[in-house]
Undergrad: 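If you scroll down you'll find the structure; I have some questions about it.
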Number of protein chains: 2
Amino acid sequence: MPVASSDPASPGGYAHRGRRPSTSREALSRAALHLFASRGYEATTVDDIAAAVGVSRRTFFRYFESKRDAIWGEFDAELARLETELGSAAPDEPMMDVLTRAVVTTNRFGAGELDELRIRIGLISTVPSLIAHSAVRYAEWRDVVAAFAARRLGRAPDDLAPQALARAALGVAAAAFDSWASGDSDDLGGAVEQAFRLLSGGFGDGDPQP
Amino acid sequence: MPVASSDPASPGGYAHRGRRPSTSREALSRAALHLFASRGYEATTVDDIAAAVGVSRRTFFRYFESKRDAIWGEFDAELARLETELGSAAPDEPMMDVLTRAVVTTNRFGAGELDELRIRIGLISTVPSLIAHSAVRYAEWRDVVAAFAARRLGRAPDDLAPQALARAALGVAAAAFDSWASGDSDDLGGAVEQAFRLLSGGFGDGDPQP
DNA sequence: TTCCATTTTGACATCGAGTGCGATAAATTG
DNA sequence: CAATTTATCGCACTCGATGTCAAAATGGAA
């Protein structure tokens with residue numbers, strides 16, 4: 001029963017003051033994704049999404065800050081996991097190794113999620129308005145990586161080196177995601193690992209494995 | 001007389017059909033920049049900008065696709081220069097060397113332009129709405145670099161390696177710009193070079209010069 | 001049961017970005 | 001002067017986003 005947490009009579013759910021929600025973040029997110037995928041992002045209005053789950057436009061904006069945010073699923077949670085992963089690494093493990101492993105492990109998805117993920121990434125990297133918004137979400141990701149790099153390098157988080165590393169890491173990770181999303185491989189982790197190997201190698205030789 | 005090209009009686013200017021422009025792209029861009037810097041980006045409306053140069057709101061949108069675009073100065077021209085620079089390099093010069101040099105040389109600015117440039121970059125990397133839009137403009141930059149890398153690596157432009165390199169290069173270049181803009185150094189080129197050295201070195205050692 | 005506190009939802013108004021369209025103003029050419 | 005060309009203007013409209021307030025639904029306490 002993957003209906004998640006919108007069931008009003010949820011089992012084990014304890015007493016609940018006030019009116020019960022008539023929808024959920026997830027229901028709105030899914031409805032939005034499907035509408036975006038079928039009609040196109042720009043052609044879908046917030047009213048359409050709200051109507052698809054039977055709520056008013058205003059209610060949509062109680063669950064999401066903006067129409068764009070509806071496509072970012074559980075990004076906040078993934079970000080928190082990345083932070084934990086980076087924070088709990090052994091201090092003697094090389095910086096780039098830690099980073100690669102952390103990015104790979106925070107991006108494991110079950111087989112059932114891959115189809116939707118592919119659609120999400122496809123939209124995010126294709127629709128101008130979503131490309132634009134991605135920069136804002138990715139900035140949060142960058143900050144986490146920059147903080148980690150700053151600790152490892154003994155610099156301030158907004159010094160050039162940590163910032164350059166964070167942005168470069170974001171770049172190769174995004175390249176891996178896009179490449180995966182536009183192909184038909186199942187191995188997202190493999191693409192991420194390959195991209196980070198290129199980065200660690202300084203893009204030096206035409207052939208990445210010596 | 002830095003009033004540029006909006007002078008109706010321009011010397012040597014030859015005959016000119018139709019009504020003369022009552023403003024110019026540059027005048028609008030400057031007015032926008034000053035308003036953004038003083039009142040803030042969000043608090044400045046397109047009407048404000050148009051009014052500042054004595055023109056209607058509708059006319060603003062004849063010169064810029066959007067309010068956000070008003071801050072991107074001569075980006076298109078810089079992009080064309082980057083493309084030329086990358087295309088005309090000696091085929092035996094190492095890829096990363098060519099790239100570094102091209103980025104440095106396409107970002108030389110005269111001393112008179114540095115103050116405005118600092119404000120532009122500060123806004124672009126600070127205001128959420130402009131951070132977002134930067135992704136769209138930077139995507140054009142990435143495409144140019146990816147095409148160059150693809151030629152050098154003998155791959156298609158949207159293969160993982162060229163894409164990863166292009167995005168990583170963009171990342172470190174942006175880090176250099178931000179770092180420069182938030183400091184008080186005059187040496188933008190130096191920052192860019194340092195960032196690319198980190199990238200070429202794979203962020204391997206804590207100390208970038210071996 | 002009745003009343004209250006809490007929470008979600010909805011209706012309405014408002015603002016600003018962006019677009020389409022047609023009218024008008026100013027300039028050159030003949 | 002008329003025809004043509006180009007730039008500007010005004011207006012109406014859509015849509016995303018925000019603020020405000022009233023209404024609906026629910027659990028708990030009196």
Side-chain angles (χ1 to χ4, degrees), chain A residues 5-10 12-29 31-32 35-36 39-72 127-133 136, chain B residues 5-10 12-29 31-32 35-36 39-72 127-133 136:
Chain A
S5 59
S6 67
D7 192 337
S10 62
Y14 58 87
H16 183 67
R17 291 178 76 98
R19 178 174 177 169
R20 289 188 202 118
S22 71
T23 185
S24 68
R25 195 179 159 88
E26 199 195 335
L28 282 164
S29 175
L35 286 170
F36 294 164
R39 291 188 210 174
Y41 177 81
E42 301 293 352
T44 304
T45 70
V46 174
D47 279 310
D48 293 336
I49 304 168
V53 297
V55 297
S56 84
R57 158 197 186 65
R58 198 66 185 79
T59 297
F60 173 91
F61 283 106
R62 283 178 43 85
Y63 286 90
F64 296 97
E65 281 190 12
S66 68
K67 176 182 167 185
R68 319 180 260 300
D69 277 304
I71 212 171
W72 280 86
V127 178
S129 167
L130 293 175
I131 292 177
H133 188 57
V136 176
Chain B
S5 59
S6 67
D7 191 338
S10 61
Y14 57 86
H16 184 68
R17 290 178 78 97
R19 179 174 176 170
R20 290 189 202 115
S22 72
T23 185
S24 68
R25 196 178 158 88
E26 199 195 336
L28 282 163
S29 176
L35 286 170
F36 294 163
R39 292 188 208 174
Y41 177 79
E42 301 294 351
T44 304
T45 71
V46 173
D47 279 309
D48 293 336
I49 304 168
V53 297
V55 120
S56 86
R57 157 198 186 64
R58 200 67 189 77
T59 297
F60 173 92
F61 284 108
R62 281 177 45 85
Y63 285 90
F64 297 97
E65 281 190 10
S66 70
K67 176 183 167 186
R68 320 179 259 299
D69 277 304
I71 214 173
W72 280 86
V127 177
S129 167
L130 293 176
I131 292 177
H133 188 57
V136 177

Undergrad: Counting just side-chain N and O atoms, does B:Ser22 come under 4.0 Å of either OP1 or OP2 of D:dT8?
TA: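 Indeed, a polar side-chain atom of B:Ser22 lies that close.
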Undergrad: How many whole angstroms separate atom NE2 of B:His16 from atom C1' of D:dT4?
TA: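 Rounded to the whole Å, the gap is 14 Å.
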Undergrad: State which residues pass side-chain hydrogen bond (donor to acceptor under 3.5 Å, both in side chains) with A:Ser129; sequence neighbours excluded, sorted by chain then number.
TA: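 With neighbours one apart ignored, the set is empty.
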Undergrad: Given D:dT26, is OP1 or OP2 found less than 4.0 Å from the side-chain N or O atoms of A:Arg20?
TA: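 Yes, A:Arg20 has a side-chain N/O under 4.0 Å of OP1/OP2 on D:dT26.
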Undergrad: Could you state the CG-P distance from A:Leu28 to C:dT8, rounded to the nearest angstrom?
TA: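 Checked: the CG to P distance equals 14 Å.
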Undergrad: Taking protein heavy atoms under 4.0 Å as touching, what does nucleotides 14-20 of chain D look like 5' to 3' if B marks base contact, S marks sugar-phosphate-only contact and - marks none?
TA: --BBBBB
Undergrad: Looking only at side-chain N and O atoms, does A:Thr59 come under 4.0 Å of OP1 or OP2 in C:dG10?
TA: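 Affirmative; the distance criterion is met.
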Undergrad: Would you tell me if any nitrogen or oxygen in the side chain of B:Arg62 comes within less than 4.0 Å of OP1 or OP2 on D:dA7?
TA: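 For D:dA7, OP1/OP2 do have a side-chain N/O of B:Arg62 under 4.0 Å.
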Undergrad: With rounding to the nearest 0.5 angstrom, report the NE2 to CG distance, B:His133 to B:Leu130.
TA: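 So the NE2 of B:His133 and the CG of B:Leu130 are separated by 8.0 Å.
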Undergrad: Distance under 6.0 Å and angle within 45° of the ring axis: does A:Lys67 meet both against A:Phe61?
TA: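 Relative to the ring axis of A:Phe61, which defines the angle, A:Lys67 lies outside at least one limit.
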Undergrad: Taking only side-chain nitrogens and oxygens of A:Arg19, does any of them come within less than 4.0 Å of OP1 or OP2 of D:dA24?
TA: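 No, outside the criterion.
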Undergrad: Report the C-alpha distance between A:Val55 and A:Ser22 in whole Å, list the side-chain angles of each, state the deciding distance to 0.1 Å, and finish with yes or no for side-chain contact (heavy atoms from CB on, under 4.5 Å).
TA: CA-CA 8 Å; A:Val55 297; A:Ser22 71; 3.6 Å; yes
Undergrad: Hey, does the side chain of B:Tyr63 come within less than 4.0 Å of D:dA7's phosphate (OP1/OP2), counting only N and O?
TA: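 B:Tyr63 to D:dA7 OP1/OP2: no side-chain N or O under 4.0 Å.
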Undergrad: So, applying side-chain contact (heavy atoms from CB on, under 4.5 Å) with B:Phe36, which one of B:Val127, B:Ile49, B:Asp48 is it?
TA: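 For B:Phe36, the side-chain contact (heavy atoms from CB on, under 4.5 Å) check succeeds only for B:Ile49.
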Undergrad: Is there a donor and acceptor pair, one atom on the side chain of A:Arg17 and one on the base of C:dT6, closer than 3.5 Å?
TA: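 Answer no: no donor N or O sits under 3.5 Å from an acceptor.
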Undergrad: Report yes or no: does A:Tyr41 contribute a side-chain atom to a donor-acceptor pair with the main-chain N or O of A:Pro128 at less than 3.5 Å?
TA: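 Not confirmed, A:Tyr41 side chain does not pair with A:Pro128 backbone.
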Undergrad: Judged by each residue's nearest nucleotide on DNA chain D, which is more toward the 5′ side, B:Val55 or B:Gly18?
TA: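 Its nearest nucleotide lies further toward 5', so the answer is B:Gly18.
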